[in-house]
Amino acid sequence: MQPIHVIGGGLAGSEAAWQIANRDVPVVLHEMRPNQATAVHKTDGLAELVCSNSFRSDDHEHNAVGLLHEEMRRLGSLVMRAGDANQVPAGGALAVDRDGFSQTVTEALASHPLVDIDRGEITVLPPPSWDSVIVATGPLTSAALVAAIGAVTGENALAFFDAIAPIVHRESIDMSVAWFQSRYDDVGPGGTGADYINCPLDKAQYEAFVDALLAGDRVSFHEWETSTPYFDGCLPIEVMAERGRETLRFGPMKPVGLTDPHRSSIKPYAVVQLRQDNRLGTLFNMVGFQTKLRHAEQVRIFRMIPGLERAEFARLGGLHRNTFLNSPKLLDRTLRLKTMPRLRFAGQITGCEGYVESAAIGLFAGRFAAAERRGVEPHLPPLTTAHGALLAHITGGHVETIDAGPRSFQPMNINFGLFPPLEKSPGRGADGQRLRGAAKAMAKRRALTARALRDLDSWTRGCAAAETAQPAPLVPAAQATPSLEPHPR
Ligand SMILES: Cc1cc2nc3c(=O)[nH]c(=O)nc-3n(C[C@H](O)[C@H](O)[C@H](O)COP(=O)(O)OP(=O)(O)OC[C@H]3O[C@@H](n4cnc5c(N)ncnc54)[C@H](O)[C@@H]3O)c2cc1C
């Protein structure tokens, strides 16, 4: 059987390769590191996490990304298996030891008999003899390949910025000022209720900190960067501060759900949280503190934070360009380039945002490609599932602008806004009382997530037989017809 080629051994490419190989289809995974570096990757490991070590909330009942985790686990995800195996305490979030995580993924793929890892940059469009290719080269796709893709898509790739938050050595944090506590003492699945380090600021300290951020020296933009928007979920803190002096207090520096044990009678005016970054617990990253301040300025300004006066930084923040396609226009429902169906795209380059979302799209790109190769109809997941909602957002969730304004398609994290509404909203609680406010919102989330998992399980049962048990005639990728509707239950 001809192999499927996956370009890019990041979150999406690694997951795609795993899904393909586990369907008895050979796969060649092309990764350019260490021969060719990106601006942010530091190692030659597969599935390297370039910034935060968090997969975000692991609450599959009330949180959309937690639901995505659970669906991926049920679909045999390598990324989730490696994430669970390398978990570090982070309250309700799933955070991982980044090196252990990457090593687990690398070893699983390197030891798989059907996976061939080829270390080399793909600089041109793959040759026609590669009849099924998944491009999963991420937000930092190498320049040569961006140009080659641009030539076939006939479009300029869209671009925006993503920023990295600093990492601090734990031993350099003054714990006579800071304290361990998770917000609202949330224990979560892998935490203790005291997983974050908290640094409190009073009003005067907060005001001085905001002044310093506003006056701080920043990395200047190149000309091509000036018209590029930020991803709203990852704004640099100095940009947040520019939006209003209180913005940070309602964002990453919010003081709610935390009590300073050193001064329990005084409510902090603002709090900086740091989350464990490695299994040893020696590194902590500053939550939500992505920044484009110059490195020397970061050290000076962040040392104004009580508890971080002597902070030593293992990594400072930074800002990088991020490339993605206008996928709703360019890709079909199974992520193939409409004008060249032997090319399929996965991960952040398709316009999803986040480690987990990238891996989830890789998971389905791998399933689709393997099904085609085996002559089995690729089935789309139900729209009511997190995977179905995310795929629909990427491949069809947007309309072109009707005037000459900017295109509306922007990368997006999974969120409940992407799900089809419930047929009937929960009206009353178990006690028969009418639900209102937060209780109603939580009940609605529970109904959405229960529906998603129920539909996923029944879809899996329905298509598993078709995808695994049929004989495997070789059908060229371009000829296979994907089903455009979710598999019937
Ligand atoms: C600076 C920055 C910070 C981010 N921070 C976060 C964060 O904190 N949390 C979060 O959830 N998401 C974050 N993201 C967003 C995104 O989720 C991650 O970048 C994620 O890793 C994307 O997964 P991917 O598989 O699409 O790409 P990647 O994980 O980047 O994998 C792409 C791989 O392709 C390789 N490659 C590139 N070009 C070629 C080529 N021509 N030939 C062969 N190999 C190639 C690269 O070396 C890389 O290994 C960040 C993104 C950026 C750019």
Side-chain angles (χ1 to χ4, degrees), residues 11 49 52-77 79-97 101 180-196 198 233-234 251-252 254 256-258 273-277 285 287-288 352-361 363 381-382 384-390 393 412-422 425-426 429-430 435 437-457:
L11 274 298
L49 305 178
S52 140
N53 65 329
S54 173
F55 287 2
R56 319 201 305 280
S57 172
D58 202 28
D59 174 356
H60 73 258
E61 275 195 295
H62 302 103
N63 189 288
V65 78
L67 172 65
L68 194 58
H69 292 174
E70 179 58 23
E71 290 185 12
M72 291 172 75
R73 289 184 180 111
R74 294 185 187 196
L75 293 169
S77 158
V79 163
M80 287 311 300
R81 207 171 87 183
D84 288 336
N86 290 281
Q87 187 173 9
V88 296
L94 173 59
V96 305
D97 177 290
F101 168 74
F180 274 101
Q181 186 185 7
S182 303
R183 210 179 285 286
Y184 298 112
D185 303 313
D186 185 7
V187 175
T192 62
D195 301 326
Y196 291 76
N198 302 281
C234 202
K254 60 176 179 277
V256 299
L258 298 166
Q273 284 204 302
L274 295 100
R275 182 180 52 232
Q276 187 173 333
D277 201 76
N285 66 55
V287 178
C352 61
E353 171 67 28
Y355 301 142
V356 183
E357 288 85 344
S358 297
I361 296 302
L363 189 153
T384 49
T385 62
H387 281 89
L390 194 59
H393 164 69
M412 190 172 283
N413 289 127
I414 185 73
N415 63 79
F416 285 121
L418 300 179
F419 289 67
L422 292 164
S425 250
L435 291 166
K440 188 168 184 183
M442 294 306 248
K444 209 171 147 190
R445 289 175 178 200
R446 279 195 296 277
L448 281 167
T449 55
R451 179 182 72 176
L453 292 176
R454 200 175 51 238
D455 288 358
L456 183 83
D457 287 346

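Note that these values count all heavy atoms, side chains included, but never hydrogens, waters or copies made by symmetry. Everything numeric here is computed off the predicted structure, so don't read it as measured data.
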Go through the steps for L448 and R451 under the test side chain to side chain contact (heavy atoms under 4.5 Å, CB included), then give the verdict. CA-CA 5 Å; L448 281 167; R451 179 182 72 176; 3.4 Å; yes
Shortest non-hydrogen contact from [X] toward [Y]:
{"X": "S358", "Y": "L11", "value": "CB-CB, 4.3 Å"}
{"X": "S182", "Y": "D186", "value": "CB-O, 3.4 Å"}
{"X": "Y355", "Y": "S52", "value": "OH-O, 2.7 Å"}
{"X": "Q181", "Y": "G257", "value": "NE2-O, 3.6 Å"}
{"X": "R275", "Y": "A95", "value": "CD-CB, 4.3 Å"}
{"X": "V79", "Y": "S77", "value": "N-OG, 3.2 Å"}

Interatomic spacing from [atom1] in [X] to [atom2] in [Y] - rounded to 0.5 Å:
{"X": "N413", "Y": "E353", "atom1": "CG", "atom2": "CD", "result": "5.5 Å"}
{"X": "E357", "Y": "H387", "atom1": "CD", "atom2": "NE2", "result": "10.0 Å"}
{"X": "S57", "Y": "L67", "atom1": "OG", "atom2": "CG", "result": "10.5 Å"}
{"X": "L453", "Y": "E70", "atom1": "CG", "atom2": "CD", "result": "6.0 Å"}
{"X": "L456", "Y": "T449", "atom1": "CG", "atom2": "OG1", "result": "12.5 Å"}
{"X": "M442", "Y": "H62", "atom1": "CE", "atom2": "NE2", "result": "4.5 Å"}

Please check if any side-chain donor atom of T385 sits under 3.5 Å from a side-chain acceptor atom of D455, or the reverse.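 No, no side-chain donor-acceptor pair sits under 3.5 Å.
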Any chance the side chains of D195 and T192 put a donor and an acceptor closer than 3.5 Å?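 Yes, a side-chain donor-acceptor pair sits under 3.5 Å.
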M80 and H69: side chain to side chain contact (heavy atoms under 4.5 Å, CB included), yes or no, with the steps? CA-CA 7 Å; M80 287 311 300; H69 292 174; 3.6 Å; yes
Quickly, which of N63, L94, I414 forms a side chain to side chain contact (heavy atoms under 4.5 Å, CB included) with R56? Name it, please. I414
For the residue pair [X] and [Y], establish whether any side-chain heavy-atom pair is separated by less than 4.5 Å.
{"X": "V287", "Y": "P252", "result": "no"}
{"X": "Q273", "Y": "R183", "result": "yes"}
{"X": "L68", "Y": "H60", "result": "no"}

Between R73 and D58, is the closest basic N to carboxylate O distance under 4.0 Å? yes
Should the pair R74-D457 be classified as a salt bridge under the 4.0 Å nitrogen-to-oxygen rule? yes
Taking the six-membered ring where the residue is Trp, are the ring centres of F101 and F55 under 6.0 Å apart? yes
Checking the side chain of [X] only, and the main-chain atoms of [Y] only, is there a donor and an acceptor separated by less than 3.5 Å?
{"X": "N53", "Y": "Q276", "answer": "yes"}
{"X": "Y184", "Y": "V256", "answer": "no"}
{"X": "N86", "Y": "A82", "answer": "yes"}

Carefully, step by step, assess L49 and V96 under the rule side chain to side chain contact (heavy atoms under 4.5 Å, CB included). CA-CA 10 Å; L49 305 178; V96 305; 3.5 Å; yes
Evaluate the side chain to side chain contact (heavy atoms under 4.5 Å, CB included) criterion for residues L390 and I361: first the C-alpha distance (whole Å), next the side-chain angles of each, then the deciding distance (0.1 Å), finally the verdict. CA-CA 8 Å; L390 194 59; I361 296 302; 3.9 Å; yes
